[in-house]
Amino acid sequence: MKQLTAGNNAVMFFVLVCIWIASAGCQQEKNADCRGGIAISFDDHFINEWYHLRPLFQKYNAKVTFFITCPDSLSADEITKLRQLEKDGHEIGFHGTIHGRSTQLIEAEGPMGYYQTEIKPGMGYMSAAGFKPTSYAHPGGNHNKQVDSVLFANGFKINRDVAISKRRLLGFQVYAVAPRLMPSIFYDFDKLNAVDALLIDTDSGLTIQEMKEAMQKANATGTSLMLFGHEPLYKAPENGAYGFSVRFLEAILEEAKKQNLDFYTMSELVEK
């Protein structure tokens, strides 16, 4: 995830506050061409853990996107499980070969070096396993326009960044913004191909009430709320684990069903 440095955290804080205050004062117009929806994605290499969520996805008729990193280590069993998830209607996206900091790679090695290190090898492994990803999640949310241009030039339809509604620095809360007031996490079906998704991991501090309000906004405006997490957790994280509460995810899926929201994979957002 993006980190604030000591040199820029104060400036970033005021910029973010100004942006969010401005956005909070504006009402997003209803997108008459689309129903409200939700696009959920998951990052890294928790394939067995994701696979165990199949009954939950089937219960709510949900489809999601799985962004795979380090595909060189995919086992035959993991490939079989990913293929089944794809058959279920989920999307298999790409999350980098080495999960490196893209801006540092492209600065040090140039566009071709970045491509040769972070994109080409992993996509080769994905292809050999039978997958053709068209969506990309930036490792750590780290990227710039040059990185995006390389990805778009090599067939990716949509690149996903990271959004966080609450951030702490040195033990102090720097900001907290209600997700419904974060316009960047609502897709307006305007063919935008560089997007943000809201982190729902346990350390995000989100509540189901905040999720309900955000989904209500998506429903009212004909947009799609974009969310993402990492490992499914069935209890509080320990020993360095990071991920989202399965109970919290089910509450989101249940609310999405109540509100009759459509489920979108990431590539479907730009294809609609």
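These numbers come from the heavy atoms of this one structure, side chains and all, not from hydrogens, waters or symmetry mates.
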Working to the nearest 0.5 angstrom, can you tell me the gap between [X] [atom1] and [Y] [atom2]?
X      : Y      : atom1 : atom2 : answer
Thr97  : Gln116 : OG1   : CD    : 10.5 Å
Leu151 : Thr134 : CG    : OG1   : 12.5 Å
Phe42  : Leu85  : CZ    : CG    : 10.5 Å
His143 : Tyr136 : NE2   : OH    : 10.5 Å
Ile208 : Glu254 : CD1   : CD    : 8.5 Å
Gln146 : Ile106 : CD    : CD1   : 4.0 Å

Looking only at non-hydrogen atoms, find the nearest pair between [X] and [Y] and report the distance.
X      : Y      : answer
Ile68  : Phe94  : O-CD1, 3.5 Å
Phe156 : Met123 : CZ-SD, 3.7 Å
Ala214 : Leu225 : CB-CD2, 3.8 Å
His95  : Ala137 : ND1-O, 2.6 Å
Gly93  : Met126 : O-CE, 3.8 Å
Leu53  : Pro232 : CD1-CG, 3.7 Å

Transitive ILVMFWY side-chain link [X] to [Y], under 4.5 Å:
X      : Y      : answer
Leu206 : Val177 : yes
Phe244 : Met182 : yes
Ile47  : Leu233 : no
Phe186 : Leu181 : yes
Leu227 : Phe46  : yes

Find out whether [X] and [Y] are in side-chain contact, i.e. whether some heavy atom of one side chain is under 4.5 Å from a heavy atom of the other.
X      : Y      : result
His230 : Leu199 : yes
Met226 : Met266 : yes
Pro179 : Ile185 : yes
Asn219 : Arg35  : no
Ile38  : Gln259 : no
Asp43  : Phe228 : yes
Asn154 : Lys120 : no
Ser224 : Leu269 : yes

- prompt: Between Lys63 and Phe263, is NZ or CZ placed under 6.0 angstrom from the six-membered ring centre and within 45° of the ring axis?
  reply: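 Because its charged atom misses either the 6.0 Å distance or the 45° angle limit, Lys63 does not stack over Phe263.
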
- prompt: Does NZ or CZ of Lys272 lie under 6.0 Å from the centre of the six-membered ring of Tyr264, at an angle within 45° of the ring axis?
  reply: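 That pair does not qualify as a cation-pi contact.
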
[X]: which residues meet the side chain to side chain contact (heavy atoms under 4.5 Å, CB included) condition with it, sequence neighbours left out?
X      : value
Thr103 : Asn142, Asn144
Gln209 : Thr207, Lys212, Glu213
Phe152 : Asp148, Asn159, Asn193
Leu192 : Tyr187, Asp190, Val195

Report yes or no: do [X] and [Y] form a side-chain donor-acceptor pair below 3.5 Å?
X      : Y      : result
Thr65  : Thr265 : no
His138 : Asp161 : no
Ser41  : Arg160 : yes
Ser102 : Glu118 : no

query: Going through the checks in order, is the side chain to side chain contact (heavy atoms under 4.5 Å, CB included) test met by Met211 and Phe248?
result: CA-CA 10 Å; Met211 292 292 91; Phe248 187 59; 3.5 Å; yes

For [Y], is there any backbone N or O sitting under 3.5 Å from a side-chain donor or acceptor partner on [X]?
X      : Y      : answer
Ser204 : Asp201 : yes
His99  : Thr69  : no
Glu78  : Ser75  : yes

message: Please enumerate all residues that pass salt bridge (charged side-chain N to carboxylate O under 4.0 Å, His left out) together with Glu210, with sequence neighbours excluded.
response: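 Partners of Glu210 by the salt bridge (charged side-chain N to carboxylate O under 4.0 Å, His left out) criterion, ordered by chain and then number, come out as Lys166.
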
message: Under the salt bridge (Lys or Arg N to Asp or Glu O under 4.0 Å) definition, can you give me all pairs with a residue in residues 82-99, not counting sequence neighbours?
response: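 Found Arg54-Asp88.
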
- prompt: Is the number of heavy atoms from other residues, nucleotides or ligands under 6.0 Å of Lys191 NZ greater than 12?
  reply: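 For Lys191, atom NZ is crowded (more than 12 foreign heavy atoms under 6.0 Å).
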
Stepwise side chain to side chain contact (heavy atoms under 4.5 Å, CB included) test for Cys70 and Ile98: CA-CA 6 Å; Cys70 304; Ile98 64 172; over 6 Å; no

field: Carboxylate-amine/guanidinium proximity below 4.0 Å for Glu250 and Lys59
entry: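 Result for this pair is yes, salt bridge flagged.
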
